[in-house]
Protein chains: 2
Amino acid sequence: MVRYPDSLKVFVAIDCIIFGFDGKDLKLLLVKRKLEPESGNWSLMGGFLFPNEDLEEGASRILKDLTGLTNIYCEQLTVKGEKNRDPGSRTVSVVFFALIKIEESDQESVKNHNAFWIELDKRPSLIFDHNQMVLEAIDHLRYKAALHPIGFELLSETFTIPQLQKLYEAIYNVPIDRRNFSRKLLSTSLLIDTGMKNIHSTTKKATLYRLDKVRYNEKFHAFWNFMADAMK
Amino acid sequence: MVRYPDSLKVFVAIDCIIFGFDGKDLKLLLVKRKLEPESGNWSLMGGFLFPNEDLEEGASRILKDLTGLTNIYCEQLTVKGEKNRDPGSRTVSVVFFALIKIEESDQESVKNHNAFWIELDKRPSLIFDHNQMVLEAIDHLRYKAALHPIGFELLSETFTIPQLQKLYEAIYNVPIDRRNFSRKLLSTSLLIDTGMKNIHSTTKKATLYRLDKVRYNEKFHAFWNFMADAMK
DNA sequence: ACAAAAGTGTTGAAACTACACCCATGC
DNA sequence: GCATGGGTGTAGTTTCAACACTTTTGT
């Protein structure tokens, strides 16, 4: 077996871009760093890959540590490995894209990490190449949400169609026709009427739906072709 | 500045999945290994990331070395980092997805690397997790070619519409209606009539087109919504 | 009773599918 | 002249976009 020189070895970091939706705005979970390097500046949540874990396990560990949640929607977004991206030793960063339901996350844990939910449009400048990563993640969110039903990952277990519409309007930053949206969505047969109404509304109470998980898994890889023209 | 323990460091490999099209079949450029480990077995073309290069530079180097080509269509596909994927030292592999024009590649150089163009359907089993990578790449090709005009990357500078159709039929493994295909394609205004005809044809000679590169770049990120239903 | 948000139906336009005929070429 | 493959047109269907009125609820 050939041995390769250790000079080729690099650190592998994991960075997580974490999206949430509060019913009105898309948000990112960002960390105000308390440690060097770049103490006091904003960054994505991240860490190093441990020797005993796979990449996806590392991402799950970091997400669980921060939010208390397991079973988070999470996928690889990209890898960044510019030779000069980290001033210390050479580092390759695997960037993960995560969607979480804000109200299910552990707010204490978030606070303990000095992390904050920040409106996408009001996000501060981030360290290193994290700004670029976020731009790519927003693109990816728009791309993917147009084709696959991932929006549900940002809403709670039960939700109303108007809530879903507000989410899509936030993602694409366009107004959507209520009637066409509702019809298209119901025609997917991904929604199950819970029979309940959203009691928080101050006017007419909207129907609460939940996701048909069986159909969701069946249909996930089919093209949804939803909002595709908002991306042109 | 904090120092991290070198025990966290890993090797970074680059593996390239290289697609080509010979006018009839989709092909992969695969290597019959002459070196340990796994000598004599088939694998993707790959190598280690050098200390002085970015990830994309590494992929370009490997592709140029093998095919003699620069300016290859190439994008990151995924990263594989299972803790036990490589029996030697821990390795994270960045997998690139490349589309090349077979007839423009340097066949001498390919031969010198003991590499061969192999029909997709007749590919041998590959080492490590390369089989899984190829499956993901085929999925990605179908996904991406349905939405973006990447098919041209597999054809030579000038091409006919029937050639393009054969390519799409090979990608999706479905028959396509000639008339509808042609109409849809011409309506993209991505094609420029060269005024020439395909002299290789033995019957009626098809019109040779070339790509309108300006429009191609403008429209690349627009959804093409082409072949979307072949993926359902 | 009125303001605010939810629910639903129709119509015209555009896109897509399916299908058939004519043309150019080499043998 | 015939077999092979290239080029084009049309009609029916389906999908999508645009748009207005009615219902529920809290005040």
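Each chain gets a letter, A, B and so on, in the order the sequences are listed, and its residues count up from 1.
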S.K.: Listing request: all salt bridge (Lys or Arg N to Asp or Glu O under 4.0 Å) pairs with a residue in residues 114-130 of chain A, at least two apart in sequence or in separate chains.
M.R.: A/R85-A/D129, A/E119-A/K122
S.K.: For residues 131-141 of chain A, which side-chain donor-acceptor pairs fall under 3.5 Å, sequence neighbours excluded?
M.R.:
| residue | atom | partner | partner atom | Å |
| --- | --- | --- | --- | --- |
| A/N131 | OD1 | A/L126 | N | 2.9 |
| A/N131 | ND2 | A/S125 | OG | 3.3 |
| A/N131 | ND2 | A/L126 | O | 3.0 |
| A/Q132 | NE2 | A/E136 | OE2 | 3.3 |
| A/E136 | OE2 | A/K80 | NZ | 2.7 |
| A/H140 | NE2 | A/E75 | OE1 | 3.4 |
| A/H140 | NE2 | A/E75 | OE2 | 3.1 |

S.K.: Just report the end-to-end axis angle for the helix from C/dA1-D/dT27 to C/dC27-D/dG1, five pairs per end, to 10 degrees.
M.R.: 0°
S.K.: Could you list the residues that satisfy side chain to side chain donor-acceptor pair (under 3.5 Å) with B/S60, not counting sequence neighbours?
M.R.: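 B/S60 satisfies side chain to side chain donor-acceptor pair (under 3.5 Å) with no residue once adjacent residues are dropped.
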S.K.: Can you tell me how far C1' of C/dA18 sits from NZ of B/K184, to the nearest Å?
M.R.: 13 Å
S.K.: How does protein contact run along nucleotides 2-10 of chain C, one letter per nucleotide 5' to 3', with B for base contact, S for sugar-phosphate only, - for none, heavy atoms under 4.0 Å?
M.R.: --BBBBBBB
S.K.: Tell me, please, which residues at least two apart from B/E57 pass salt bridge (charged side-chain N to carboxylate O under 4.0 Å, His left out).
M.R.: A/K83
S.K.: Once salt bridge (charged side-chain N to carboxylate O under 4.0 Å, His left out) is applied, do any residues pair with B/R33, and if so which ones, sequence neighbours excluded?
M.R.: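 Not a single residue meets the salt bridge (charged side-chain N to carboxylate O under 4.0 Å, His left out) criterion with B/R33.
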S.K.: Can you list everything that forms a salt bridge (charged side-chain N to carboxylate O under 4.0 Å, His left out) with B/K213? Sequence neighbours excluded, please.
M.R.: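 Counting only residues at least two positions away or on another chain, B/K213 forms a salt bridge (charged side-chain N to carboxylate O under 4.0 Å, His left out) with B/E157.
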S.K.: Can you check the B/M227 CE to C/dC16 C1' distance for me, whole Å?
M.R.: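 Whole-Å distance recorded here is 13 Å.
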S.K.: With a distance cut-off below 6.0 Å to the six-membered ring centre and an angular limit of 45° from the axis, does A/K32 pair with A/F116 as a cation-pi contact?
M.R.: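 Geometry flag: not set, cation outside 6.0 Å or 45°.
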S.K.: So, using salt bridge (charged side-chain N to carboxylate O under 4.0 Å, His left out) as the criterion, who are the partners of B/K205 when residues are at least two apart?
M.R.: none
S.K.: What is the first contacted nucleotide of DNA chain D and what is the last, in 5' to 3' order, if contact means an atom lying under 4.0 angstrom from a heavy atom of chain B?
M.R.: D/dT4 to D/dT10
S.K.: Keeping to residues at least two apart or across chains, list the salt bridge (Lys or Arg N to Asp or Glu O under 4.0 Å) pairs with something in residues 101-110 of chain A.
M.R.: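 The answer is none; no pair qualifies.
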S.K.: Return each pair, listed once, that meets salt bridge (Lys or Arg N to Asp or Glu O under 4.0 Å) where at least one residue sits in residues 193-203 of chain B; pairs must be two or more places apart or across chains.
M.R.: none
